[in-house]
Participant: 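Here it is, the structure in full.
The figures here come from the full heavy-atom set of this structure, side chains too, leaving out hydrogens, waters and symmetry mates.
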Amino acid sequence: MNLKIPIPSSRKLFLILLIFIYIYAPPLSFVPLGINKLIAPLAVVALLFQYKSKVQKVLLQKDLFIAICLLAFSVPYALSIDISTIYAGDLAFTRRHTFSQSMILVELLPISLFICIYGIRRLKLTLAEFISSLVVVGAIQSFLAIIMFGMPGLRMFILTTIQGYDPAQDKIFRPDLYTFRSFGVSQDMLFSLSIVQGIIVACVISLCLYNFKKYKYYLLLLPPLLISILLNARIGLAGIIVFITVMFVLSLLR
């Protein structure tokens, strides 16, 4: 009997790479504006020309229209709040922070819309298969975090040379954080990375509840995912607790 190991197609690998870049937004020293700033215009071009008809159908959905309205409200709100409250005494930092946060909100819709249309329409992925792609992305990040924890020299090389962090200024090199945190490849390893990893854990549990026979081996990814949370910020555990609580309440109601 020939054992055939399914190898993801180049399009599937492209989707996984795109999701990884979009979610974790790893800073690269040779990309000054941020890698998401390069992806967003390409996503807009693809949506306007290659997937124009599909985009029109999606945008006409009532639920997405509500989300777009909330997003449109969030951009000016974030601008006004950031300008008036964040380090008012440091105008230069406030401007950089405000620009960064507002650009994240502006990039959110076109990139996420392109990823969903490309994955579901072009690759014909089911919702479970799409969620499994998120799990693969989270698993890659968790293994990177563990490898960097076991190899401090490699960690320092990635942080300083590839990602361009400055040991003299960036907070990930603070003495109280250096030893036990900041392991992985992400723009914010001290907060958002752990939140995402917690969501990925919830995705693993959801897939196993949906089809345990097919996705049971995903449970092997839970230890590295939890380790990646503990190596960066334990707030990621809050998302897991909330998810389990909601599932428990829903099961009682059902």
Participant: Between the side chain of Gln141 and the main-chain N/O of Gln197, is any donor-acceptor distance below 3.5 Å?
Facilitator: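 No, because the side chain of Gln141 does not come within donor-acceptor range (under 3.5 Å) of the backbone of Gln197.
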
Participant: In Å and rounded to the nearest 0.5 Å, what is the CE to CZ distance from Met148 to Phe143?
Facilitator: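 CZ of Phe143 is found 15.5 Å from CE of Met148.
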
Participant: Report the relative orientation of the aromatic rings in Phe20 and Tyr24; use parallel for angles under 30°, tilted for 30 to 60°, perpendicular for over 60°.
Facilitator: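 Geometry flag for Tyr24 against Phe20: tilted rings.
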
Participant: Distance-only, no hydrogens or angles: does the Arg155 side chain make a donor-acceptor pair with backbone N or O of Gly150 under 3.5 Å?
Facilitator: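 Not a single qualifying donor-acceptor pair exists.
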
Participant: Going only through I, L, V, M, F, W and Y residues with side-chain contacts under 4.5 Å, is there a path from Ile115 to Val45?
Facilitator: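 Each belongs to a different hydrophobic cluster.
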
Participant: Please check this pair: side chain of Ser228 against backbone of Leu225, looking for a donor-acceptor N/O pair closer than 3.5 Å.
Facilitator: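 The answer is yes, because a donor-acceptor pair under 3.5 Å joins these two groups.
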
Participant: Quick one: closest heavy-atom pair of Ile21 and Ile39, and the distance?
Facilitator: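 Shortest heavy-atom separation between Ile21 and Ile39 comes out as CG2-CD1, 3.3 Å.
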
Participant: Report whether Val137 and Ile195 are members of the same hydrophobic cluster (ILVMFWY, side-chain heavy atoms less than 4.5 Å apart, transitive linking).
Facilitator: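 Per the 4.5 Å side-chain linkage, Val137 and Ile195 are not co-clustered.
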
Participant: With a 4.5 Å cut-off on side-chain heavy-atom distances among I, L, V, M, F, W and Y, is there a chain of contacts connecting Leu127 to Val204?
Facilitator: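 Cluster IDs for Leu127 and Val204 match.
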
Participant: So, for Ile35 and Pro26, which heavy atoms are closest and what is the spacing to 0.1 Å?
Facilitator: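 Closest approach of Ile35 to Pro26: CG2-O, 4.0 Å.
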
Participant: Side-chain contact test, heavy atoms from C-beta onward, threshold under 4.5 Å: evaluate it for Ser133 versus Ile19 and give yes or no.
Facilitator: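 Ser133 vs Ile19: side chains touch.
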
Participant: Restricting to non-hydrogen atoms, name the atom on Leu154 and the atom on Ile147 that form the minimum distance, rounded to 0.1 Å.
Facilitator: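 That would be CD2-CG2, 3.8 Å.
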
Participant: Output the distance between atom OG (Ser192) and atom CG (Asn232), rounded to the nearest 0.5 Å.
Facilitator: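 Taking OG in Ser192 and CG in Asn232, the distance rounds to 9.5 Å.
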
Participant: Tell me whether the guanidinium CZ or amine NZ of Arg121 lies under 6.0 angstrom from the six-membered ring centre of Tyr51 and within 45° of its axis.
Facilitator: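 That pair does not qualify as a cation-pi contact.
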
Participant: Applying side-chain contact (heavy atoms from CB on, under 4.5 Å), run through Tyr215 and Ser132 and close with a yes or a no.
Facilitator: CA-CA 9 Å; Tyr215 296 106; Ser132 69; 4.2 Å; yes

Participant: Start with the C-alpha gap between Leu15 and Leu125, add the side-chain angles, then the distance that decides, and say whether side-chain contact (heavy atoms from CB on, under 4.5 Å) holds.
Facilitator: CA-CA 11 Å; Leu15 177 67; Leu125 299 179; 3.6 Å; yes

Participant: In Å and rounded to the nearest 0.5 Å, what is the OG to CD1 distance from Ser194 to Ile199?
Facilitator: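 Atom-to-atom, Ser194:OG and Ile199:CD1 are 11.0 Å apart.
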
Participant: CD1 of Ile229 to CG of Leu237: how many Å apart, nearest 0.5 Å?
Facilitator: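 If I round to the nearest 0.5 Å, the distance is 5.0 Å.
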
Participant: Under the side-chain contact (heavy atoms from CB on, under 4.5 Å) rule, what do Lys12 and Leu17 come out as? Steps first, then yes or no, please.
Facilitator: CA-CA 9 Å; Lys12 183 70 175 295; Leu17 177 62; over 6 Å; no

Participant: Drop me the distance from Ile200's CD1 to Ile131's CD1, to the nearest 0.5 angstrom.
Facilitator: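 Between atom CD1 of Ile200 and atom CD1 of Ile131 there are 9.5 Å.
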
Participant: For residues Ile158 and Ile146: do they belong to one hydrophobic cluster (side chain heavy atoms under 4.5 Å, members Ile, Leu, Val, Met, Phe, Trp, Tyr)?
Facilitator: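 Linked, Ile158 and Ile146 end up in one cluster.
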
Participant: Distance from Leu252 atom CG to Met247 atom CE, nearest 0.5 Å?
Facilitator: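 Spacing of CG (Leu252) from CE (Met247) equals 11.5 Å.
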
Participant: Ignoring hydrogens, what is the shortest heavy-atom contact between Ala145 and Phe183? Give both atom names and the distance.
Facilitator: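 Nearest pair, atom of Ala145 first, then Phe183: CB-O, 3.2 Å.
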
Participant: Might you work through the side-chain contact (heavy atoms from CB on, under 4.5 Å) test for Val185 and Ile162, ending with a clear yes or no?
Facilitator: CA-CA 10 Å; Val185 181; Ile162 297 180; over 6 Å; no

Participant: May I ask you to test the Met189-Leu159 pair for a side-chain heavy-atom distance under 4.5 Å?
Facilitator: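 Met189 vs Leu159: side chains touch.
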
Participant: What is the minimum heavy-atom distance between Thr160 and Met156, and which atoms define it?
Facilitator: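 Answer, listing the atom of Thr160 first, then Met156: OG1-O, 2.6 Å.
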
Participant: Out of curiosity, does Tyr210 fall in the hydrophobic cluster containing Tyr218 (side-chain heavy atoms, cut-off under 4.5 Å, transitive links)?
Facilitator: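 Tyr218 clusters together with Tyr210.
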
Participant: Taking all non-hydrogen atoms of both residues, which atom of Ala43 and which atom of Pro110 are closest, and how far apart?
Facilitator: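 Closest approach of Ala43 to Pro110: CB-O, 3.8 Å.
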
Participant: Using side-chain heavy atoms (C-beta onward) and a distance below 4.5 Å, is Val44 in contact with Ile111?
Facilitator: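 They are not in side-chain contact.
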
Participant: Examine distances only and state if a side-chain atom of Thr126 and a backbone atom of Glu129 form a donor-acceptor pair shorter than 3.5 Å.
Facilitator: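 Checked: pair present.
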
